[in-house]
Student: 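This is the structure I have questions about; it appears just below.
Bear in mind that the values here come from a model prediction, so they are computed numbers and not experimental data.
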Amino acid sequence: MDNNLTLYNTLSRKKEEFKPINPPHVGLYVCGPTVYGDPHLGHSRPAITFDLLFRYLTHLGYKVRYVRNITDVGHLENDADDGEDKIAQKARVEQLEPMEIAQYYSNRYHLFMDALNVKRPSIEPRASGHIIEQLQIVKEILDKGYAYQKNGSVYFDVEKYDKDHRYGTLSGRVLDELLSTTRELEGQSEKHNSFDFALWKKATPTHIMRWPSPYSEGFPGWHIECTAMSTKYLGDQFDIHGGGMDLLFPHHECEIAQSVAAKGKTPARYWIHNNMITINGQKMGKSLGNFITLEEFFTGNHKLLNKAWSPMTIRFFILQAHYRSTVDFSNEALQAAEKGLERLMNALEQMEKIKPAGQTTFDIQNFKNKCYAALNDDLNSPVLIAHLFEGTKVIKAAVAGKESFTKKDLETFIHTMHLFSEDILGLKVETEGANPHPQILEGVMKLLLEVRQQAKNVKDFETADRIRDGLKQLGIEVRDSKDGAEWVVKTP
RNA sequence: GGUCGGUUGGCCGAGUGGCUAGGCAGCGGUCUGCAAAACCGCGUACGGCGGUUCGAAUCCGCCACCGACCUCCA
């Protein structure tokens with residue numbers, strides 16, 4: 001574990017050297033999706049960000065236990081007493097069991113995350129499967145005196161907690177200011193203060209998802225699930241807690257309060273937050289009407305998109321920005337990413353054609369060091385990608401005989417390029433839709449291109465161009481080179 | 001209103017007190033029957049105004065603008 005990985009810790013607001021509590025083990029907890037709707041572009045950012053962290057930590061030799069939850073209960077539409085559970089609401093509207101909703105959208109989430117080449121976490125616990133654990137934490141908090149009961153619901157007493165431990169250490173908020181700035185919502189009469197939050201809520205008669213508890217038949221609050229599940233699988237204190245910046249307050253703040261109240265410890269030592277995605281400069285949001293699901297992205301079926309964008313284009317695009325910056329989606333920017341990715345992937349293929357030579361003219365060790373340095377600097381994937389493009393230049397030069405490698409160095413170089421671009425960044429060559437008879441297409445194309453070459457040989461350019469243009473119409477691009485013609489399927 | 005962050009060349013997007021990423025687009029060239037593709041080369045940008053400094057886009061102050069969170073959101 002000889003590395004100098006530094007990560008920006010939201011708790012301290014600066015970059016810190018990463019030191020695990022119990023090396024070589026690393027505990028990583030990331031807030032996963034609330035499965036009440038189709039996965040959208042926003043879901044891809046944290047998934048890809050923490051996939052990169054997961055992959056890199058693993059590469060460095062750590063034994064990473066990566067826990068990413070699925071929220072299938074407790075996430076309410078709003079903070080009022082009568083706020084409806086997101087899953088339950090969808091279930092009511094669609095006349096399905098809440099678990100059918102949760103299962104369906106979990107499956108959809110997995111489908112699209114797989115397409116983005118996001119590795120599955122080590123453990124993917126569901127909130128509804130951990131009601132007992134959540135109730136246990138609620139009890140501990142009540143026993144310690146940091147929560148109160150009201151009409152069968154249990155609320156966290158933020159004011160009391162703040163006196164003993166200070167509430168707001170993660171988000172930098174001060175309770176007095178919260179008092180004056182928090183908006184008053186209807187139906188908060190049960191809470192002592194507007195910033196108190198529910199640990200357990202009594203179910204209304206029509207509420208579908210409900211479990212028995214010492215307090216009432218009800219359901220858990222939103223924040224308690226992460227505390228219960230991270231504690232169960234990673235312990236009272238673990239290494240890294242991640243999630244989107246939008247969760248920083250109140251979700252993560254509440255998690256910290258719950259853990260400190262129940263266990264006396266801040267749950268995680270490093271808090272990592274990815275920034276948001278904007279579309280044409282504006283934040284993507286349900287209410288803003290610029291909400292794009294991943295399916296719409298992959299099919300191009302959305303008014304803001306002028307074509308379909310592949311999963312790898314989106315992955316590459318996201319990785320081209322640093323995870324703590326906002327990243328702005330536009331057709332122009334995606335076009336640039338698509339071209340750039342293609343260039344990189346082509347270079348990786350061409351790399352195999354390099355012939356070993358008597359001497360090496362390229363400083364591989366330096367190249368490798370620079371790649372590691374980029375990642376060690378708070379996962380600076382855009383800088384790493386810039387280095388990889390330097391690598392592609394070297395590849396082109398080597399293919400043209402302007403750079404050379406000994407057999408051993410060539411192996412090292414090839415390994416390094418694959419390691420960073422594929423194993424760590426998780427990029428891969430995308431194969432076009434399954435062709436049931438690839439060898440037939442190969443044969444047909446070989447024949448056609450031979451005919452075209454013959455036509456060219458006798459200067460029958462009319463026939464040659466007819467073949468070329470006709471193929472283009474069909475979505476096949478012919479690329480002439482010194483070694484003859486090649487072809488590639490281009491989906492428009 | 002409070003808290004936090006941002007403002008970089010046509011676009012996206014890194015970054016550092018002086019050595020001035022990278023991608024895309026653009027331009028020029030090589031190649032080609034013509035194209036396309038590919039390859040090579042080129043562009044000196046850091047919101048405004050002050051200050052610190054031998055030197056700042058990079059540090060400090062003020063101003064402007066944009067955004068995030070404070071309500072559901074990844």
Student: List in chain and number order the residues that pass side chain to side chain donor-acceptor pair (under 3.5 Å) with H418(A), two or more places apart in sequence or in another chain; answer none if no residue qualifies.
Tutor: E352(A), E422(A)
Student: So, under a plain 3.5 Å distance rule, would you say the side chain of D246(A) forms a donor-acceptor pair with the base of A68(B)?
Tutor: no
Student: M351(A) CE to C39(B) P: how many Å, rounded?
Tutor: 15 Å
Student: List in numerical order all residues of residues 327-341 of chain A for which some heavy atom is under 4.0 Å away from an atom belonging to RNA chain B.
Tutor: V327(A), D328(A), A333(A), A336(A), K339(A), G340(A)
Student: Would you mind checking if K446(A) and E442(A) are paired as a salt bridge, meaning a charged N to carboxylate O distance below 4.0 Å?
Tutor: no
Student: Flag as yes if F389(A) stacks onto the base of G23(B) (centroids under 5.5 Å, planes under 30°), otherwise no.
Tutor: no
Student: Between the side chains of N376(A) and Y56(A), is a donor N or O closer than 3.5 angstrom to an acceptor N or O?
Tutor: yes
Student: Pick base, sugar-phosphate or nothing for S325(A), based on heavy-atom distances below 4.0 Å to the nucleic acid.
Tutor: sugar-phosphate
Student: What's touching nucleotides 42-45 of chain B from the protein side, N or O pairs under 3.5 Å?
Tutor:
none

Student: For the pair made of CD in E403(A) and P in C39(B), what is the distance, rounded to whole Å?
Tutor: 15 Å
Student: Anything under 3.5 Å between a donor and an acceptor, one on a side chain of residues 245-255 of chain A, the other on a protein residue two or more places apart or in another chain? List them.
Tutor:
{"residue": "H251(A)", "atom": "ND1", "partner": "H223(A)", "partner atom": "ND1", "Å": "2.8"}
{"residue": "H251(A)", "atom": "NE2", "partner": "E255(A)", "partner atom": "OE2", "Å": "3.2"}
{"residue": "H252(A)", "atom": "ND1", "partner": "H273(A)", "partner atom": "NE2", "Å": "2.8"}
{"residue": "E253(A)", "atom": "OE1", "partner": "L170(A)", "partner atom": "N", "Å": "3.4"}
{"residue": "E253(A)", "atom": "OE1", "partner": "S171(A)", "partner atom": "N", "Å": "2.7"}
{"residue": "E253(A)", "atom": "OE1", "partner": "S171(A)", "partner atom": "OG", "Å": "2.5"}
{"residue": "E253(A)", "atom": "OE2", "partner": "G168(A)", "partner atom": "N", "Å": "3.4"}
{"residue": "E253(A)", "atom": "OE2", "partner": "T169(A)", "partner atom": "N", "Å": "3.2"}
{"residue": "E253(A)", "atom": "OE2", "partner": "L170(A)", "partner atom": "N", "Å": "3.2"}
{"residue": "E255(A)", "atom": "OE1", "partner": "H241(A)", "partner atom": "NE2", "Å": "2.7"}
{"residue": "E255(A)", "atom": "OE2", "partner": "H241(A)", "partner atom": "NE2", "Å": "3.3"}

Student: Tell me if the side-chain of R468(A) makes a donor-acceptor pair with the base of A36(B), cut-off 3.5 Å, by modelled atom types.
Tutor: no
Student: So what's the dot-bracket for RNA chain B: Watson-Crick or G-U pairs under 3.5 Å, [ ] if a pair crosses, | if it pairs off-strand?
Tutor: (((((((..(((.....[...))).(((((.......)))))....(((((..]....))))))))))))....
Student: Taking the side chain as every heavy atom from C-beta outward, state whether I240(A) and L57(A) have any atom pair closer than 4.5 Å.
Tutor: yes
Student: Just checking D465(A): base, sugar-phosphate only, or nothing, at a heavy-atom cut-off of under 4.0 Å?
Tutor: base
Student: Hey, can you pull the donor-acceptor pairs under 3.5 Å for the side chains in residues 332-339 of chain A, sequence neighbours left out?
Tutor:
{"residue": "Q335(A)", "atom": "NE2", "partner": "E338(A)", "partner atom": "OE1", "Å": "3.4"}
{"residue": "E338(A)", "atom": "OE1", "partner": "K307(A)", "partner atom": "NZ", "Å": "3.1"}
{"residue": "E338(A)", "atom": "OE2", "partner": "K307(A)", "partner atom": "NZ", "Å": "2.7"}

Student: Considering every strand and a 4.0 Å limit on heavy-atom distances, what is the contact class for S44(A): base, sugar-phosphate, or nothing?
Tutor: nothing
Student: Taking only the side-chain heavy atoms of H43(A) (C-beta and beyond), determine which of G41(B), A74(B), A36(B) contains the nearest atom.
Tutor: A74(B)
